[in-house]
Amino acid sequence: ITPAQPTFDTDIQMTGGAVQFSFSGTQGADYRVWATTNIALTPIIDTWTLVGSGTFGASPVSFSDTQATNYPQRFYLITSP
């Protein structure tokens, strides 16, 4: 069985200088949050910055990137191995 791909549960918001969003995935599956200023860079694992990781639980994951204000623009991707 292939787990479902992670999905964003909220819009990305700038709150108090940090980017915040929540996302969900298959309970018990690991996830990684990647960020970049250039969405065209590939492969992701070698060119994007890993900014968070963990394991999905029953509730959505709440993520906050306090470094977002250091970049003029930043893109996010969630992967689940």
Side-chain angles (χ1 to χ4, degrees):
I1 297 174
T2 303
Q5 292 296 313
T7 58
F8 284 97
D9 292 332
T10 60
D11 292 332
I12 294 176
Q13 303 171 12
M14 182 68 89
T15 304
V19 167
Q20 297 179 329
F21 54 89
S22 64
F23 56 94
S24 300
T26 302
Q27 189 170 349
D30 293 332
Y31 67 84
R32 292 184 181 107
V33 180
W34 304 88
T36 187
T37 57
N38 182 350
I39 200 167
L41 294 176
T42 59
I44 292 164
I45 197 166
D46 293 329
T47 59
W48 288 47
T49 301
L50 181 64
V51 293
S53 64
T55 303
F56 289 111
S59 300
V61 175
S62 180
F63 181 79
S64 180
D65 181 2
T66 59
Q67 299 299 311
T69 57
N70 296 329
Y71 305 93
Q73 66 180 2
R74 203 160 194 199
F75 301 94
Y76 297 91
L77 176 72
I78 303 161
T79 60
S80 186

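Numbering starts at 1 and runs along the sequence shown. If you're wondering where the values come from, they're calculated on a predicted model, not measured in any experiment.
- When all heavy atoms of R74 and A35 are compared, the pair lying nearest together is NE-CB, 3.4 Å.
- Taking OG from S64 and CD from Q20, the interatomic distance works out to 4.5 Å, rounded to the nearest 0.5 Å.
- T79 is not listed as a side-chain neighbour of W48, based on a closest heavy-atom distance of 4.5 Å or more.
- Heavy atoms only, all atoms of each residue included: T37 and F75 are closest at O-CE1, 3.6 Å.
- Between the side chain of W34 and the main chain of I45, no donor-acceptor pair closer than 3.5 Å is present.
- Between Y76 and F63, the ring planes are perpendicular. Angles over 60° get that label, and only those under 30° would be called parallel.
- Scanning all heavy atoms of the two residues, the minimum distance from D30 to S80 falls at O-OG, 2.7 Å.
- When all heavy atoms of P6 and I78 are compared, the closest pair comes out as CB-CG2, 3.5 Å.
- For the atom pair CD (Q27) and OG (S59), the distance works out to 8.5 Å, reported to the nearest 0.5 Å.
- Classified by interplanar angle (parallel below 30°, tilted 30° to 60°, perpendicular above 60°), the ring pair F56/F23 is perpendicular.
- By the side chain to side chain donor-acceptor pair (under 3.5 Å) test, N70 is found to be paired with Q67, residues two or more places apart in sequence or in another chain being considered.
- Residue F21 is not grouped with residue L77 when hydrophobic side chains (ILVMFWY) are merged at heavy-atom distances under 4.5 angstrom, including chains of intermediate members.
- Note: L50 CG to I44 CD1 = 12.0 Å, rounded to the nearest 0.5 Å.
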